[in-house]
Colleague: 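Handing you a structure now.
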Amino acid sequence: MSERVHRKKRNVPSRQIPAPASYTSKFVEAGNLKLHYLDYGTEACTPMLCVHGGAAHAHWFDFVAPGFTSDYHVRALDLRGHGDSAWSDPPAYSYADYAAEIAEVVEKLDLRDFVLVGHSMGGLISLVYAAEYPGRVSRLVIVDSRMHMSEESIARLRDMGTRPPRNYRTNDELIARYRLEPAGTMIAAPEVVRHVARYSGRKFPDGSWRHKFDRSLYAIFERLDAMPCWNDIEIPALLIKGEHSDRIDVEGLSQIRARSPRVELVEVPNSDHQIMLDNPDGFVEAVKAFFESGAKVRVE
């Protein structure tokens, strides 16, 4: 989930971008909805389930999945109302709804002792799931998720959800005008942005192209105080923040650790909120370091 703020554009060193992972598109039924997910492989390895943020989709993980598939069976889910998953009618997009959806997907795919990775809103959903449905997830990775959102931010999102969607004449026009949020934080390489944009639109019956997420999820957006969830997190957990992001701070980390002492924090350089897109290699390095010996860079 992205809050709209205005920041100066960062000068980020040029770097080699990994090729996006190959995958198989699959579907699973959960909550009486047909949900889409990407299966990057590899069978018989420890499962890893990745959960995207608000208004995003599973392809957010295409550039980091290759860093894990040698040791993990990586899957990325399109949440209800997002990507190629079905929309909820009537709209049901509370954190409890999403967490129950994750629980059912985990059961259907028979995931055990798996790693759960969630970005932004997906991080909060993953946190709620891990707190409410303990026993199957073994390690939790939460990527640049804000534990509290202000009333002003919630009001802005709800207002956005009541506005009509923006229409594009062609998918090429949608791709050309695609921008990452928050505004002014687009560090990701142009080819990475074009890649996720390519999977972000859908042609609707009137012939126009629109972003493929249900805007009503914003119209009824729930304000969540996620901090109490940490009382029930007893597994190893990693918080990841972008170097230029302010969504996780020292004070917040102290509150989290008071509730769940095993939490680590790592900061990924050359990144803002969209860490998996901004610096895929840095993201993979941070997560692998945590898996092997705890967070590599701790922010105190």
Side-chain angles (χ1 to χ4, degrees), residues 1-12 51-61 63-64 79 81-83 93 95 117-127 142-163 165-166 174-197 199-201 210-215 217-219 221-224 226 239-252 265-280 282-283 299:
M1 172 58 57
S2 298
E3 293 187 73
R4 186 179 295 274
V5 295
H6 295 281
R7 303 176 187 172
K8 293 181 180 179
K9 207 170 175 69
R10 307 298 196 283
N11 292 319
V12 178
V51 184
H52 62 78
H57 47 73
H59 287 281
W60 243 251
F61 295 93
F63 292 92
V64 297
L79 294 166
H82 294 79
Y93 296 112
Y95 285 98
V117 180
H119 173 239
S120 195
M121 185 184 83
L124 297 182
I125 292 167
S126 298
L127 175 59
I142 294 181
V143 186
D144 216 52
S145 301
R146 195 186 297 278
M147 296 296 114
H148 306 277
M149 290 185 70
S150 67
E151 290 283 6
E152 293 79 8
S153 297
I154 297 294
R156 187 164 57 244
L157 291 173
R158 290 174 180 168
D159 177 66
M160 183 183 73
T162 63
R163 299 178 202 161
R166 178 175 295 178
L174 185 151
I175 293 170
R177 298 178 64 180
Y178 191 84
R179 297 293 184 271
L180 296 173
E181 294 286 349
T185 66
M186 201 157 74
I187 290 176
E191 61 267 34
V192 173
V193 178
R194 284 195 298 271
H195 177 85
V196 297
Y199 295 100
S200 296
R210 302 173 202 158
H211 292 280
K212 54 182 180 182
F213 68 90
D214 185 354
R215 295 177 68 87
L217 69 93
Y218 283 129
F221 195 82
E222 177 186 8
R223 189 182 187 197
L224 173 72
L239 296 171
I240 302 181
K241 76 176 292 292
E243 177 186 7
H244 302 294
S245 174
D246 61 0
R247 289 171 178 251
I248 302 173
D249 57 20
V250 174
E251 180 181 352
L265 174 65
V266 62
E267 181 176 288
V268 174
N270 302 324
S271 66
D272 205 294
H273 182 54
Q274 311 291 348
I275 301 171
M276 301 90 65
L277 307 180
D278 294 344
N279 187 352
F283 177 88
V299 179

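Along the sequence shown, the residues carry numbers beginning at 1.
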Colleague: Side chains of His244 and Thr185: any donor to acceptor distance under 3.5 Å?
Modeller: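 Note: Thr185 and His244 side chains miss the donor-acceptor criterion.
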Colleague: Taking Ser200 for its side chain and Val196 for its backbone only, find out whether a donor-acceptor pair lies under 3.5 Å.
Modeller: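 Between the backbone of Val196 and the side chain of Ser200 there is a qualifying donor-acceptor contact (under 3.5 Å).
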Colleague: Of all heavy-atom pairs between Asp144 and Ser245, which one has the smallest distance, and what is that distance?
Modeller: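 Where Asp144 meets Ser245 most closely, the heavy atoms are OD2-OG, 2.7 Å.
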Colleague: Would you say His82's side chain and Ala55's backbone share a donor-acceptor pair under 3.5 angstrom?
Modeller: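 At least one qualifying donor-acceptor pair exists.
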Colleague: Under 3.5 Å, is there a donor-acceptor pair between the side chain of Glu243 and the main chain of Asn270?
Modeller: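 Flag set: sc Glu243 to bb Asn270 pair under 3.5 Å.
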Colleague: With sequence neighbours excluded, what pairs up with His59 under the side chain to side chain donor-acceptor pair (under 3.5 Å) test?
Modeller: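 Result, side chain to side chain donor-acceptor pair (under 3.5 Å) vs His59: Asp62.
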Colleague: Taking Asp272 for its side chain and Gly242 for its backbone only, find out whether a donor-acceptor pair lies under 3.5 Å.
Modeller: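 No; zero donor-acceptor contacts below 3.5 Å.
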Colleague: In chain order, what residues pass the salt bridge (charged side-chain N to carboxylate O under 4.0 Å, His left out) check against Arg223, with sequence neighbours excluded?
Modeller: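 Salt bridge (charged side-chain N to carboxylate O under 4.0 Å, His left out) check on Arg223 returns Glu151.
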Colleague: Counting neighbours of CZ on Arg158 that are heavy atoms of other residues, nucleotides or ligands and sit closer than 6.0 Å, is the number greater than 12?
Modeller: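 Count over threshold, so yes.
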Colleague: Does Glu267 use its side chain to pair, donor to acceptor, with the backbone of Ile240 at less than 3.5 Å?
Modeller: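 No, the answer is negative, given that no donor and acceptor are paired below the 3.5 Å cut-off.
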Colleague: Once you measure the plane-to-plane angle for His211 and Phe213, does it fall in the parallel (<30°), tilted (30-60°) or perpendicular (>60°) bin?
Modeller: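 Ring orientation, 0 to 90° scale: tilted.
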Colleague: Test of understanding: with salt bridge (charged side-chain N to carboxylate O under 4.0 Å, His left out), list the residues that count as partners of Arg215, not counting sequence neighbours.
Modeller: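 So Arg215 forms no salt bridge (charged side-chain N to carboxylate O under 4.0 Å, His left out) with any residue.
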Colleague: Using the side-chain contact (heavy atoms from CB on, under 4.5 Å) rule, take Leu180 and Leu277 through it: C-alpha gap first, then chi angles, then the decisive distance, then the call.
Modeller: CA-CA 10 Å; Leu180 296 173; Leu277 307 180; 4.0 Å; yes
Colleague: Any chance you could measure Trp60, atom CH2, to His52, atom NE2, to the nearest 0.5 Å?
Modeller: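 Trp60 atom CH2 to His52 atom NE2 measures 9.0 Å (nearest 0.5 Å).
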Colleague: Is Arg146 reaching over with its side chain to a backbone N or O of Ile248, donor-acceptor style, under 3.5 angstrom?
Modeller: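 Not confirmed, Arg146 side chain does not pair with Ile248 backbone.
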Colleague: Would you tell me whether Tyr218 and Asp159 have side-chain atoms, one donor and one acceptor, within less than 3.5 Å of each other?
Modeller: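 No pair is found: no donor N or O on one side chain lies under 3.5 Å from an acceptor on the other.
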Colleague: In Å and rounded to the nearest 0.5 Å, what is the CG to CD1 distance from Leu224 to Ile154?
Modeller: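 Leu224 CG to Ile154 CD1: 9.0 Å, rounded to 0.5 Å.
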Colleague: So, Asp249 and Lys241, do they make that salt bridge, N to O below 4.0 Å?
Modeller: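 Answer for the salt bridge query: no.
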Colleague: Under 3.5 Å, is there a donor-acceptor pair between the side chain of Glu222 and the main chain of Tyr95?
Modeller: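 Yes, because the side chain of Glu222 sits within donor-acceptor range (under 3.5 Å) of the backbone of Tyr95.
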Colleague: Could you measure the distance from the CZ atom of Arg194 to the OH atom of Tyr178? Nearest 0.5 Å is fine.
Modeller: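 It comes to 14.0 Å.
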Colleague: Check whether Lys212 reaches the backbone of His57 with its side chain - one donor and one acceptor, N or O, closer than 3.5 Å.
Modeller: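 Not a single qualifying donor-acceptor pair exists.
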Colleague: Look up atom CD1 in Ile187 and atom CD1 in Ile275, then write down how far apart they are to the nearest 0.5 Å.
Modeller: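 The distance works out to 9.5 Å.
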Colleague: Going through the distances and angles, do His119 and Phe61 end up as a ring-ring contact (aromatic ring centres under 6.0 Å, His included)?
Modeller: CA-CA 10 Å; His119 173 239; Phe61 295 93; 7.4 Å; no
